[in-house]
Amino acid sequence: MAPTLPKKLFFGGDYNPEQWSREVWHEDVRLMREAGVNLVTLGVFAWANLEVAEGVYEFGWLDEIIELLHEGGIGVDLATATASPPAWLTVKYPEVLPVNRSGVRLSHGGRQAYCTSSPIYKERATALASQLAARYGKHPGIVMWHVNNEYACHNAHCFCDVSAAAWRKWLQARYETLDRLNESWGTNFWSQRYHDWNEVQPPRETTMGTAPNPSMTLDYFRFSDDQILELYKAERDAIRAVDTEHPITTNFMSTYGALALNYFKWANEVDFVSTDHYLMAHDPDRHIDHAFGGDLTRGWAKGKPWLLMEHSTSAVNWQPVNRAKRDGEELQNAISHVARGSEGALFFQWRASIRGSEKFHSALVSHEGTTNRIWNQMVELGGKLAGLEDLAGTQTAPAEVAIVFDYESWWALSQPNLPSKLLDYPKFVQSWYRALWSLGVRVDIVSPEVTLAELAKFKLVLTPMTYLMSHDLEAKLLDYQANGGNLVTSFFSGISDETDAVKLGGYGGRYVREGFGLRVSEFAPIAEPAALSNGATAEIWQQFAAVTGAEVLATFTDGVAAGQPALTVRKTPNAAAWYVATWLEPNAAKEFFQKVVLELGIKQDGNEQTEVVVRGDMRFVFDHQRSTVEWSQI
Ligand code: GLA
């Protein structure tokens, strides 16, 4: 059996002692104890300090700090330090540096400056992971392994010749013959037909105003995701070869910068899911995005314990205006994740750096020291988490509503030449999540790979803008409906199959025709808001559809598609299927979902001000007006 996360709640964060003197280390351990810190993530960006030239390792300082932390009772989440290759590596092997879409080779100086198909990077990273595992795998202070850091954050897609060769190999494994590739990509368009594997290039920047083949680009997303997963697996396996005791993870990115990796797939390869979440200052409903992040992570983890590996004590340093958190807001953030299944709350970072580009990012120990509100709040949080220790290993209460979240639809919709540039997949998914959140309805997030048995547990399943829909998913959803499951879907769902070929005979294919009783014939995207006959305001989309087996709840009242169905419901003896042919503005979405939820008898607990989440036997109540959170046993 693979090792799992120890049953406790963790509190702490990224610790970068290589930036500080020995004197500070001692002070750090003292302060960590004062705050109740029980875990630090060590060495994330320390490659250059651990391997000073190829094969020349200097572990002395790491031995010392691990020992010091252990003596202080603080556990270590030991990073493999491979997120930022040292300068010597890319000077010696310049081909390790990544190349962007326009053919420019990028330079050392930031982080993650490596090509994700580079065999040299993979070999050196794996060698370092092996060294660390052999040296520290048996150390009693080690609690878990942290491979790399936020894979794909800065180097998701590389377009160099090494990547091109790996890409062709990946395609040969996927398609076996060029005929199959040509068919799947529709290469009879624009003279794209390939006659030799060597003619196939990555989707590099091409002539002005044009873009590479969208089916090919979609495959490049899949290929890059697979290449990066192989890097993770190589390090993981190197650790596992010498340490069978400690769980291994890598930190995902929950709702920001997460476009490149299919975390549902990645979740199968880690011993436990861990993630990072940062609030977006520009978003007035950032607390709902925060809730979504926790629910999404629980979805990747399939209900198993997971860990919030990073968030911020207050402001970050990478947004246009880096807002500080309100008093009480950080406690709400940490506890919101815990209520949604996180086994604790960790931060970036323990002590604010004085140099480097992250020096103005908040930390537990600020530049000022520890006589400030952040430190006081951290001491308070440490105490509260210790008091919640019994929650470890328990589960968040299951929801009655599921949202299908599909990375591949997101990848396909991030490309140009769609009917509208305003089709924002994650934003649209969140517009539905937010409506339900404000109605006090808790939601589980599932992948398109969800089984029929898993779907059957939900009263209602939503497929918002699920643009790519495999015939398998289509069949699963229709079977779910036939067994009495209720559905809500939207415009631009079920449009293409997994090769991004448009399904014929009404947009949305069988799913929309049979499941919702509509035959959608033409899109009519809009730039200005438009009205519906029920008084609601709609944005971004109108369309033409023949109603073949549904009841019309509202029509578009103006614009080119005036009179066409905007909201419909198809009722079968034991289920209902609602179709939303537009992007409802927030109040309209709330009104729509209120009716759906009432009709299906779905439980509501909370509202826009008061959010309720249940985990184990604990009921957490968040007051978003007063920035408070309280909990009590049920
Ligand atoms: C990410 C990284 C950290 C740090 C923070 C800053 O989460 O993993 O190393 O850069 O962002 O917010």
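As the structure lists them, so they are numbered: ligands from 1, and atoms in each ligand from 1. Side chains are part of it too, since the values below use all heavy atoms of this structure and drop only hydrogens, waters and symmetry mates.
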Taking atom NZ as the centre, does Lys265 end up with more than 12 heavy-atom neighbours from other residues, nucleotides or ligands that are less than 6.0 angstrom away? yes
To atom 6 (C) of ligand 1, the nearest of Gln349, His311, His361 on a heavy-atom basis is His361
Determine whether more than 12 heavy atoms belonging to other residues, nucleotides or ligands lie under 6.0 Å from atom CD of Glu368. yes
Go through ligand 1 atom by atom and flag the ones less than 4.0 Å from a non-hydrogen atom of Glu310. 1 (C), 2 (C), 3 (C), 5 (C), 7 (O), 8 (O), 11 (O)
Using a 4.0 Å heavy-atom cut-off, which part of Asn149 comes near ligand 1: side chain, backbone, both, or neither? side chain
Going by the order shown, which atoms of ligand 1 are within less than 4.0 Å of some heavy atom of Phe45? 9 (O)
Taking only heavy atoms of Asp276, which atoms of ligand 1 are found under 4.0 Å from at least one of them? 7 (O), 8 (O)
If we ignore hydrogens and angles and just use 3.5 Å, is the side chain of Arg615 paired with the main-chain N or O of Thr394 as donor and acceptor? yes
Smallest heavy-atom separation, Pro464 atom then Val429 atom, equals CG-CG2, 3.9 Å
Residues Arg124 and Glu54 bridged, charged N to O under 4.0 Å: yes
Is there any N or O on Glu358 that sits under 3.5 Å from an N or O of ligand 1? yes
Could you tell me how the ring of Trp350 sits relative to the ring of Tyr15: parallel (under 30°), tilted (30 to 60°) or perpendicular (over 60°)? perpendicular
Return yes or no for this condition: an N or O of Arg111 is under 3.5 Å from an N or O of ligand 1. yes
Quick note on ligand 1: atoms under 4.0 Å from a heavy atom of Glu150 include exactly 1 (C), 2 (C), 7 (O), 8 (O)
